[in-house]
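What follows is a single structure, written as structure tokens, with notes after it.
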2 protein chains.
Amino acid sequence: MNLRKISESTVRRLSLYLNLLRDMSDAGTEVVSSVDLAGGIGTTAAQVRKDLSNFGSFGKRGQGYVVEDLRASIESILGLVRPRRVALVGAGKIGSALLGYRDLRTRGFEIIVAFDIDPEKYGRKVFDVPVLPMDQLEQRLSADRIEIVILATPPAVAQEVANRVTASGVAGILSFAASKLETDATLAVRWMDVALELEGLSFLISAAGNEVEES
Amino acid sequence: MNLRKISESTVRRLSLYLNLLRDMSDAGTEVVSSVDLAGGIGTTAAQVRKDLSNFGSFGKRGQGYVVEDLRASIESILGLVRPRRVALVGAGKIGSALLGYRDLRTRGFEIIVAFDIDPEKYGRKVFDVPVLPMDQLEQRLSADRIEIVILATPPAVAQEVANRVTASGVAGILSFAASKLETDATLAVRWMDVALELEGLSFLISAAGNEVEES
DNA sequence: CGTGGCTTGTGAAAGAGTTCACAAGAACAT
DNA sequence: ATGTTCTTGTGAACTCTTTCACAAGCCACG
Ligand SMILES: NC(=O)c1ccc[n+]([C@@H]2O[C@H](COP(=O)([O-])OP(=O)(O)OC[C@H]3O[C@@H](n4cnc5c(N)ncnc54)[C@H](O)[C@@H]3O)[C@@H](O)[C@H]2O)c1
Ligand SMILES: NC(=O)c1ccc[n+]([C@@H]2O[C@H](COP(=O)([O-])OP(=O)(O)OC[C@H]3O[C@@H](n4cnc5c(N)ncnc54)[C@H](O)[C@@H]3O)[C@@H](O)[C@H]2O)c1
């Protein structure tokens with residue numbers, strides 16, 4: 001095993017393996033091979049083994065992997081031994097939907113608290129999560145030891161919120177605002193952009209017509 | 001120019017360039033260099049030029065790219081000369097949020113119609129989009145010439161809906177359900193999975209502790 | 001206890017994607 | 001015209017990721 005640079009694609013696949021293993025675990029499957037794992041997420045068996053080999057040796061030759069053990073190992077690799085403490089900023093349309101997204105908890109993430117600038121929004125609970133005014137942001141982020149913030153504000157204020165969040169010891173941000181964020185390098189940032197995914201589909205759909213043109 | 005296999009990362013970056021160009025266009029900028037484009041999305045100038053060279057030659061040596069022209073070219077590459085016709089299945093929490101997501105239209109996508117199985121949900125408009133019962137699905141998908149379907153149903157029924165959608169001449173699916181979908185190869189499918197992105201963040205956060213270990 | 005069947009873990013090969021580095025233009029000044 | 005400056009477009013080099021192929025190891029069975 002060599003803990004060098006792990007590629008983003010490897011991490012993505014680890015998540016997919018984990019999903020699969022949880023399903024298998026629920027279904028009572030006890031042992032799984034790299035072929036099964038590969039089939040379950042649409043990759044190759046060699047890829048599965050290479051991915052895992054980045055972190056150690058988890059299977060038995062001739063037998064495969066013990067589902068429960070591999071699940072626990074991947075959870076540990078992904079840093080999910082304890083639920084991650086998450087806060088949400090911007091309890092609008094998409095923010096509220098996320099507050100009501102129950103699967104997050106079973107995937108290892110707990111939204112502890114939410115914030116909004118609008119008096120209509122704060123001061124109540126949405127799907128059992130308290131929504132607080134923005135002036136309590138820094139204080140509560142550190143008091144609640146929040147690790148990850150989900151940004152669901154309008155793009156125009158995303159940078160400003162990101163700055164305040166960064167200053168509060170949070171380690172990662174998942175942003176739904178399409179705007180680019182300038183953050184200091186110690187902070188991990190990811191984006192989710194529905195339109196960008198749709199643009200990807202649009203390209204594929206068009207390409208299906210124009211097919212193979214040479215040189 | 002050679003229209004071979006365009007990588008997913010290239011397409012992703014094209015979307016980012018397009019966003020940037022639209023902002024520049026709004027700001028009145030007329031000409032842009034590969035260096036500016038690169039800076040705006042966090043890549044290198046060479047990468048920008050390589051990406052574009054897959055599709056032709058869009059700049060003037062010594063000068064750069066004309067913002068309006070490059071914007072139009074990328075829109076055309078991504079198949080966004082006309083708004084794409086989109087339908088949504090599952091007008092629940094996240095589905096409704098998407099129906100109210102106005103930026104989709106400015107990015108080139110129009111949600112024409114939505115469907116739900118729940119009588120509480122269908123028979124009214126949500127953010128001006130009519131929500132119809134599922135028994136009208138096939139008929140309306142083809143009548144409205146829908147190109148892309150956004151799947152926002154519970155994971156358990158996603159496959160079943162995907163099957164019906166495939167049979168109705170739709171070219172692409174964007175699914176919010178984490179479950180794997182078996183679809184025929186002519187259909188383009190993408191996933192958005194909040195938990196998967198959070199898992200990616202969780203990994204990075206953990207890795208920040210364990211740092212560089214050798215061999 | 002040895003043999004056969006099966007699956008892992010991993011170097012080496014192949015394939016993709018990114019970065020480098022520079023010739024080919026384009027504008028503009030002299 | 002000619003020279004200077006600037007930025008594109010693109011082969012070639014490099015780096016990263018995936019696939020191949022097989023020795024090593026485990027279990028079952030005789
Ligand atoms: N609605 C969707 O389906 C959708 C999908 C993808 C991405 N997005 C993006 O997600 C973000 C939110 O979209 P939405 O549709 O939920 O918008 P929204 O207007 O419904 O919600 C935004 C919320 O942010 C709050 N807010 C505004 N300024 C704030 C500030 N300075 N600090 C804290 N909170 C503040 C508002 O009060 C509001 O509750 C936007 O960036 C949007 O582009 C939305
Ligand atoms: N809520 C979130 O923030 C969130 C985030 C990411 C992903 N998701 C995923 O998106 C999907 C929807 O989540 P949600 O939170 O909006 O759930 P939800 O229960 O609020 O909405 C689901 C909707 O689908 C409808 N539906 C159920 N069966 C159907 C069928 N056979 N045909 C058509 N419609 C049907 C329901 O009536 C409901 O309106 C789920 O797969 C969920 O895992 C949700």
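Because the structure is predicted, anything quoted here is derived from the model rather than measured. Residue numbers begin at 1 in each chain, while the letters A, B, ... track the order of the sequences.
Scanning for salt bridge (charged side-chain N to carboxylate O under 4.0 Å, His left out) contacts around B:R71 gives B:E68, B:E75, with sequence neighbours left out. Taking B:L187 as the reference, B:T166, B:I173, B:T183, B:V189 meet the side chain to side chain contact (heavy atoms under 4.5 Å, CB included) condition, with sequence neighbours excluded.
One interatomic measurement links the two molecules: CG of B:L70 to P of D:dT8, which rounds to 10 Å at whole-angstrom precision. For B:Y65 and D:dC6, the OH to C1' distance is 13 Å, given to the nearest whole Å. One atom, CD1 of A:I6, and another, C1' of D:dT18, lie 15 Å apart when rounded to the nearest Å. Nucleotide C:dT18 holds its C1' atom 15 Å from the CG atom of B:L52, rounded to whole Å. Computed from coordinates, the B:Q47 CD to C:dC20 P distance equals 11 Å when rounded to whole Å. Here C:dT7 presents its C1' atom at 12 Å from CG of A:L37, a figure rounded to the nearest Å.
Where A:R49 and B:Q63 meet DNA chain D, the nucleotide closest to each residue was compared, and B:Q63 sits on the side nearer the 5' end.
More than 12 heavy atoms of other residues, nucleotides or ligands lie within 6.0 Å of CG in A:D26, so this atom counts as buried by the packing criterion. For CG of A:D184, the number of neighbouring non-hydrogen atoms (other residues, nucleotides, ligands) closer than 6.0 Å is greater than 12.
In the interface, the side chain of B:K50 is paired with the base of D:dG11 through a donor and an acceptor atom under 3.5 Å apart. Remark: the A:K60 side chain and the C:dG9 base include no donor-acceptor N/O pair separated by less than 3.5 Å.
If you check residues 7-20 of chain A against DNA chain D, the residues with a heavy atom closer than 4.0 Å are A:S7, A:S9, A:R13, listed by number.
For A:A46, the listed nucleotide lying nearest its side chain is D:dC20; candidates were D:dG9, C:dT8, D:dC20. Counting only heavy atoms from C-beta on, B:R61 has its side chain closest to C:dA23 among C:dA23, D:dT18, D:dA21.
In this structure, A:S202 and B:G79 approach most closely via the heavy-atom pair OG-O, 3.2 Å.
When each of A:L174, A:L181, A:L196 is tested with A:W191 by the rule side-chain contact (heavy atoms from CB on, under 4.5 Å), just one qualifies, namely A:L181.
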